[in-house]
**Q** 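I have a structure I would like to understand better, so I am pasting it below and will then ask my questions one at a time.
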Amino acid sequence: MYTLNLFKHEFPLATTHADKAETLRRWSSKAVVDGLHRTQGSRPLFLLHDGPPYANGGLHLGHAVNKGLKDSVVKFKRLQGYFAPYVPGFDCHGLPVELEVERVGHGKDDPPAFVAACRSYARSQVDLQTAQFRDLGVAADWEQPYLTMAPGFESGAAKVFQALPGAVRRLRPVHWCPACASSLAEAEVEYKTKVGDSLVVLFPVVGHEDLFLDVWTTTPYTLPANKAVAYNPALSYVAVSDGTRNRVRLRQAGDEQLPDVDLAGLTVVSPYTRDAVPVLPADFVSRAGTGLVHMAPAFGTDDFRVCEPYGLAVEQYLDEHGRFVVAGMQGMDLAQARAHVLERVAPFVVSVSTLEHEYPHCWRHKTPVFFRASQEWFLDLADTRQQALRALDDVEFVPAAGRERLTSMLAGRGAWCVSRNRLWGTPLVDPADPDDLRLAARVATEGVEAWQSEGPRRTLDVWFDSGVTHQLVLMQRYGRTADVYLEGSDQHRGWFQSSLLTCAAAGHGAPYKQVVTHGFVVDGTGQKFSKSSKNYQPLDQMLKTLSPDVLRLWTLQQDFTRELKFSGEALALTKERFRKLRNTMRFCLQNLQDFDWQTQPVSHPLDRVQVALLRQLGVDVCLAADRYDFAAAVSHLLRYAESASSDYFPAVKDSLYCDRPDAPRRRQAQQVLGLVVRTLVRLLTPVLPYSCEEVFQYLRAAGAEQGDSVLLATLADVSLPVAENEAATLAAYGEAVELKGTLNRWVEAHRDEWVKGAAQVNVTWSQAKAARLGAFSDVLGAAAVFPDDRSDDGGDVSFTPTSWRACACCRKHEPSVSDDTDLCTRCAAVQGTVSEALS
């Protein structure tokens with residue numbers, strides 16, 4: 001038996017991090033929380049603003065992707081010396097909480113009690129989600145989050161609304177969800193393909209016997225609300241006889257001989273009401289249908305926009321559940337109203353068919369919605385929309401396509417309906433109502449319970465709540481708006497818009513400098529994760545068998561701007577990479593256990609190369625992270641780990657294992673391993689926070705680190721000196737690594753002989769190569785390297801099997817191996833020193 005410098009270390013290759021308690025306790029300590037989130041000092045400020053998840057239910061993989069990306073952003077910034085606080089938020093108001101509270105037995109007959117129950121339930125969901133986010137390794141200021149249900153926030157949001165210009169109350173058509181029993185914002189509506197009606201009905205032209213307009217509609221039940229017929233002056237219309245009547249429609253092929261019909265100023269008879277209604281020009285009318293469109297301003301925003309300048313009245317036809325309230329139709333739902341209307345206008349019906357088209361649906365319930373005229377509060381966006389679009393000129397989008405997506409949605413957006421018929425929400429205060437003002441004054445201390453204390457009162461759209469967090473969170477805490485918003489791509493129609501519109505309306509431009517969006521999680525077949533698809537797994541269940549570090553690595557190693565695929569194959573690859581990164585750090589820890597961590601100059605060229613590669617690694621990783629290319633950042637880290645494990649570590653193993661413990665070359669290699677692990681533990685913290693905290697605490701116990709947690713460490717803590725002629729040294733090292741590849745291929749080609757590895761090969765190269773690459777000969781792993789008599793690089797490097805024996809201790813093939821001891825000269829001296837010390 002020979003004595004070697006071989007050490008084991010308790011840091012395992014793989015782990016699930018099942019016991020997170022000690023790490024979470026450390027990350028929650030006052031010193032860590034203050035350093036990360038509360039005490040800026042002289043550090044420059046970087047603000048990521050957390051879009052609040054809805055506080056209802058446990059988390060899933062999509063939440064892990066979103067929060068993991070955000071947490072990685074601020075951790076990479078902290079590495080570079082920024083003060084990058086992470087204030088988490090929770091969206092607490094709205095219908096889902098109300099429905100859950102109703103489901104467990106709380107009625108709305110006592111509004112304050114109901115609101116109190118909503119608050120209690122939302123608080124429990126905030127606590128649940130906070131615990132799961134913390135388990136994921138998200139180091140946020142969890143003791144001081146922002147909650148939209150905090151009384152101070154509720155009062156503040158109400159005041160922001162009162163101060164915004166353009167807030168008006170009007171009877172207008174709004175998207176209405178009968179399941180919500182409330183109006184919906186544009187952002188709460190999504191369009192799905194649906195088969196509906198396609199009806200052509202005749203409108204007699206007043207003063208022109210036997211002349212009718214072929215009028216088209218896809219909503220027959222709205223004919224009782226007809227106030228006009230619309231046409232497009234840019235289109236051509238003709239009158240065609242069907243044998244008994246002359247019917248006006250769009251000009252078609254074969255109509256060349258027919259004269260144009262001038263529709264301007266005509267009046268027609270509405271077939272359901274028998275009222276005379278005008279024919280109006282409208283630019284939105286297309287060639288779809290007949291090119292003549294029934295107009296019901298109570299049932300459509302385009303209809304309302306066209307009819308409003310003519311003073312055509314808007315009436316309320318439906319109740320909150322979608323049932324008619326007008327004479328002759330009381331209590332009818334939309335289907336019953338359709339049958340009733342078709343029967344009444346039957347003499348005028350030309351055709352009834354079906355049509356597949358995009359139809360609005362409630363974002364939450366996934367059910368069809370309809371337009372309903374209702375007394376609502378609106379933000380007029382005519383001026384604000386243009387201000388918002390101009391503000392986007394100074395915003396960077398990742399990916400770049402996000403700019404077009406957001407601008408196109410903003411350009412087509414009408415007035416924002418901000419009022420809701422819900423108890424659990426931010427007060428919507430009418431500044432002209434003394435009772436509203438009196439109750440609103442109590443909200444800052446008593447919450448929305450005070451607002452609902454004298455009977456149901458309207459609340460604000462939850463998108464308004466989250467949309468003003470730039471003012472009520474960022475401006476109040478830091479005095480400025482955000483550097484970046486990072487959310488799923490669905491937020492182009494949601495939070496990105498509501499934040500921009502409220503900020504622009506207040507005259508402050510955009511609330512962000514950058515907008516970053518990520519895709520949705522799909523399985524290996526490309527199917528979205530959902531409970532109905534049976535591919536869904538709650539996050540807390542996943543974390544019972546997977547380390548949070550594995551999920552974070554899976555997220556960051558791929559292009560998150562596209563769909564993120566989660567499959568068995570992807571998980572297996574991620575686990576393999578997880579082990580590789582941990583193994584790289586473990587090798588360092590194993591070989592540093594007898595190191596005294598006293599700083600020494602790095603003198604050997606092979607070691608200087610590693611210092612230069614580490615410095616470049618830090619630059620490359622941070623540059624990639626700054627442009628939100630985390631896949632590139634992870635790729636740099638994986639490539640370095642692979643390079644160090646395959647090239648540098650083997651090159652210094654002989655010295656680490658077989659030299660005297662205090663040999664200068666061994667101590668020099670240990671010095672570099674210390675720099676390697678201290679640099680890697682920092683650069684990998686945004687990716688593998690649990691693993692890096694483990695390693696950091698081992699280093700701290702050994703005296704190599706001083707801080708309380710790896711979360712407080714920065715790249716500036718590790719000194720990586722620049723050597724002279726570094727570029728030439730790196731080029732020579734690269735040449736040696738390339739030659740190593742050539743040698744290994746030669747060995748593979750000769751494995752049928754007795755040559756089993758590079759250690760059994762002698763390498764011969766030119767004197768010029770020897771001068772240039774001699775310092776890196778250990779990289780080859782060969783038995784020996786000899787210069788030949790040539791002074792230039794002409795000719796190929798030659799490989800020959802060595803005739804030397806292998807040393808029984810270091811296993812190197814050496815000419816100095818003794819027949820008596822089976823040891824080479826170096827190992828015999830080391831073993832002699834050890835024996836002398838033991839005796």
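What's counted below: heavy atoms across the whole structure, side chains too, no hydrogens, waters or symmetry copies.
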**Q** Excluding sequence neighbours, so at least two apart, what forms side-chain hydrogen bond (donor to acceptor under 3.5 Å, both in side chains) with Arg43?
**A** none

**Q** Please assess Thr685 against Arg78 for the test side chain to side chain donor-acceptor pair (under 3.5 Å), listing each intermediate value before the final yes or no.
**A** CA-CA 10 Å; Thr685 292; Arg78 291 173 192 145; over 6 Å; no

**Q** Nearest 0.5 Å, what's the CZ-OG distance between Arg582 and Ser691?
**A** 4.0 Å

**Q** Hey, could you give me the NE2/CD distance between His63 and Gln129, rounded to the nearest 0.5 Å?
**A** 5.5 Å

**Q** How long is the span from the CD atom in Glu22 to the CD atom in Gln697, to the nearest 0.5 Å?
**A** 8.0 Å

**Q** Looking at Tyr86, is Lys70 sitting on its ring face, NZ or CZ under 6.0 Å from the six-membered ring centre and within 45 degrees of the normal?
**A** no

**Q** Can you list the steps and then say if Tyr485 with Gln491 is a side chain to side chain donor-acceptor pair (under 3.5 Å)?
**A** CA-CA 10 Å; Tyr485 278 31; Gln491 294 307 319; over 6 Å; no

**Q** Taking atom CZ of Phe595 as the centre, does the number of heavy atoms from other residues, nucleotides or ligands within less than 6.0 Å exceed 12?
**A** yes

**Q** Would you say the ring centroid of Tyr146 lies under 6.0 angstrom from that of His49?
**A** yes

**Q** May I ask you to check whether Phe578 and Trp554 place their ring centres under 6.0 Å from each other?
**A** no

**Q** Once rounded to the nearest 0.5 Å, what's the spacing between atom CZ of Phe133 and atom CZ of Phe90?
**A** 6.0 Å

**Q** Would you please classify the geometry between the Phe776 ring and the Tyr733 ring as parallel, tilted or perpendicular, with 30° and 60° separating the classes?
**A** perpendicular

**Q** Between Lys544 and Asp135, is there a salt bridge with N-O shorter than 4.0 Å?
**A** no

